[in-house]
Amino acid sequence: MSSECNVPVKYAYKGANLISFGTSIKLLFTGYLTTIAAGYIMALIQILFTHGMADGKFGLSLNDIVYSYYGDRSGSVLESKLNGSMKFNAPDDDRFKIIQWVRDGASEQDYDTNIKPIVEKNCLMCHNAGAGSIPDFAQFANLQKVAESSEGATFQSLTRLSHIHLFGISFIFMFVGLIFSFSTGVPCCYKYPAIVMPYLFLLIDIASWWLTKLNPHFAWLVIVAGFGLGISFAFMWSVSMYQMWILGGILKQSDRRNAIMRD
């Protein structure tokens, strides 16, 4: 071992921070942040293909949010799904026959004659007894229920989604915030709000679902909360990655010992 290794490293930032951490810790943090970023992108894509198709048009709009939570009271759940998120799961001719059946009153006699074969061919692969949370369309009563006026998300589904998001997303941002809290040189007026913002906007986001369910005018709050979550995540992610892999190199503070600290 060269005598150079025994000479204390002199650098501007000492202590527990993203610049002074060893390469092993930086790789650990980077792996987590990269995976979470990929998951965040997948979540946005999933929103586009579910809520983003609620009005039958690709892309998230205010109407999509209203239809998803408050509902389209002028039509049925089944029709809105067939024109929205389920639009590409059946040929147009089959979709139009089901929609016309719904508009004609969704009678059981007409169902047995014309609609049941279409449902069996296009729907039962997912909507069956083993599907879990989605309705079993092998039972006519379940199909008839969604042929009624669309009232958006049910209170039962909102309760389930709320507790899943509150637990899951708060854990995600706890670790993202923990990594970001080791950043150095970030003014407190930016650092403190960035750490707190995800929790604040998460609570606003969940509350906005319930408020929109009661009144469609609150749909804009869903967009504001989602935008706030995205901004805070992007800021903490970018600062953390920059300080770990770019700023240290600019300041000539390289690490070769894979220690937790370079002292």
Side-chain angles (χ1 to χ4, degrees), residues 42-43 45-168 205-206 208-216 218-219 222:
M42 290 298 105
I45 295 174
Q46 190 265 342
I47 288 173
L48 286 177
F49 282 104
T50 52
H51 297 310
M53 288 293 295
D55 63 354
K57 301 175 183 178
F58 187 77
L60 192 63
S61 67
L62 202 62
N63 281 337
D64 288 319
I65 296 170
V66 171
Y67 292 162
S68 296
Y69 296 107
Y70 181 77
D72 180 6
R73 306 295 171 93
S74 64
S76 68
V77 176
L78 185 57
E79 183 174 346
S80 65
K81 288 291 185 182
L82 288 171
N83 286 325
S85 57
M86 298 291 109
K87 186 174 183 177
F88 302 108
N89 288 7
D92 287 343
D93 289 344
D94 289 345
R95 289 193 307 108
F96 294 152
K97 288 179 182 177
I98 296 175
I99 291 171
Q100 190 60 52
W101 169 72
V102 171
R103 293 178 178 178
D104 289 341
S107 68
E108 187 170 4
Q109 181 180 357
D110 194 20
Y111 168 79
D112 290 334
T113 305
N114 301 312
I115 305 302
K116 187 175 181 180
I118 297 175
V119 172
E120 290 176 343
K121 181 177 68 173
N122 299 293
C123 307
L124 293 189
M125 63 184 70
C126 296
H127 289 270
N128 52 58
S133 60
I134 61 176
D136 175 16
F137 285 169
Q139 304 295 323
F140 172 74
N142 293 332
L143 189 65
Q144 190 178 45
K145 186 175 181 180
V146 295
E148 299 171 354
S149 177
S150 171
E151 296 187 357
T154 64
F155 287 108
Q156 180 182 7
S157 65
L158 284 178
T159 302
R160 177 175 56 84
L161 289 173
S162 295
H163 94 265
I164 291 173
H165 280 74
L166 285 169
F167 284 140
D205 189 35
I206 301 299
S208 67
W209 301 350
W210 292 83
L211 292 172
T212 305
K213 170 65 178 174
L214 300 175
N215 190 316
F218 286 101
V222 179

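Please read these numbers as outputs of a predicted model, since none were measured by experiment. Side-chain atoms are counted along with the backbone in the values below, which use heavy atoms only and exclude waters and symmetry mates.
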K.L.:
Nearest 0.5 Å, what's the CG-CD1 distance between D93 and I98?
P.N.:
11.5 Å
K.L.:
Can you sort out the partners of F218 under ring-ring contact (aromatic ring centres under 6.0 Å, His included), two or more places apart, ordered by chain and number?
P.N.:
none
K.L.:
Only counting residues at least two apart or in another chain, list the ones meeting side-chain contact (heavy atoms from CB on, under 4.5 Å) with A90.
P.N.:
R95, N122
K.L.:
What residues form a side-chain contact (heavy atoms from CB on, under 4.5 Å) with F155, not counting sequence neighbours?
P.N.:
W210, K213, L214
K.L.:
Got a sec, which residues hit side-chain contact (heavy atoms from CB on, under 4.5 Å) with A43, two or more places apart in sequence or on another chain?
P.N.:
none
K.L.:
Return the minimal non-hydrogen interatomic distance between V222 and S208, and the atom names on each side.
P.N.:
CG2-OG, 3.2 Å
K.L.:
Measure the CD1-OG1 distance between I65 and T212 for me, rounded to the nearest 0.5 Å.
P.N.:
7.5 Å
K.L.:
If I compare all heavy atoms of D64 with all of S61, which pair ends up nearest, and what's the gap?
P.N.:
OD2-N, 2.9 Å
K.L.:
Run the side-chain hydrogen bond (donor to acceptor under 3.5 Å, both in side chains) test against K121 and tell me which residues pass, sequence neighbours left out.
P.N.:
D94
K.L.:
Just verifying a value: how many Å separate N128 CG and C126 SG, rounded to the nearest 0.5 Å?
P.N.:
7.5 Å
K.L.:
Taking side-chain hydrogen bond (donor to acceptor under 3.5 Å, both in side chains) as the test, write out the residues that go with S157, two or more places apart.
P.N.:
T154
K.L.:
F96: which residues meet the ring-ring contact (aromatic ring centres under 6.0 Å, His included) condition with it, sequence neighbours left out?
P.N.:
none
K.L.:
Just jot down the side-chain contact (heavy atoms from CB on, under 4.5 Å) partners of I45, sequence neighbours excluded, or say none.
P.N.:
I41, M42, F49
K.L.:
Would you please name every residue forming a side-chain hydrogen bond (donor to acceptor under 3.5 Å, both in side chains) with N215, sequence neighbours left out?
P.N.:
H217
K.L.:
Between N142 and P135, which heavy-atom pair has the shortest distance, and what is it?
P.N.:
CB-CB, 4.4 Å
K.L.:
State which residues pass side-chain hydrogen bond (donor to acceptor under 3.5 Å, both in side chains) with Q46; sequence neighbours excluded, sorted by chain then number.
P.N.:
none
K.L.:
Taking ring-ring contact (aromatic ring centres under 6.0 Å, His included) as the test, write out the residues that go with H165, two or more places apart.
P.N.:
W209
K.L.:
Starting at CG of L82, measure out to SG of C123 and round the result to the nearest 0.5 Å.
P.N.:
7.0 Å
K.L.:
What heavy-atom pair brings S162 and I206 nearest, and what distance separates the two atoms?
P.N.:
OG-CG2, 3.4 Å
K.L.:
Shortest non-hydrogen contact from F140 to W101?
P.N.:
CE1-CZ2, 3.7 Å
K.L.:
Indicate every side-chain donor-acceptor pair of residues 113-120 with a distance under 3.5 Å to a residue at least two apart or in another chain.
P.N.:
residue	atom	partner	partner atom	Å
T113	OG1	Q109	O	3.0
N114	ND2	D110	OD1	2.6

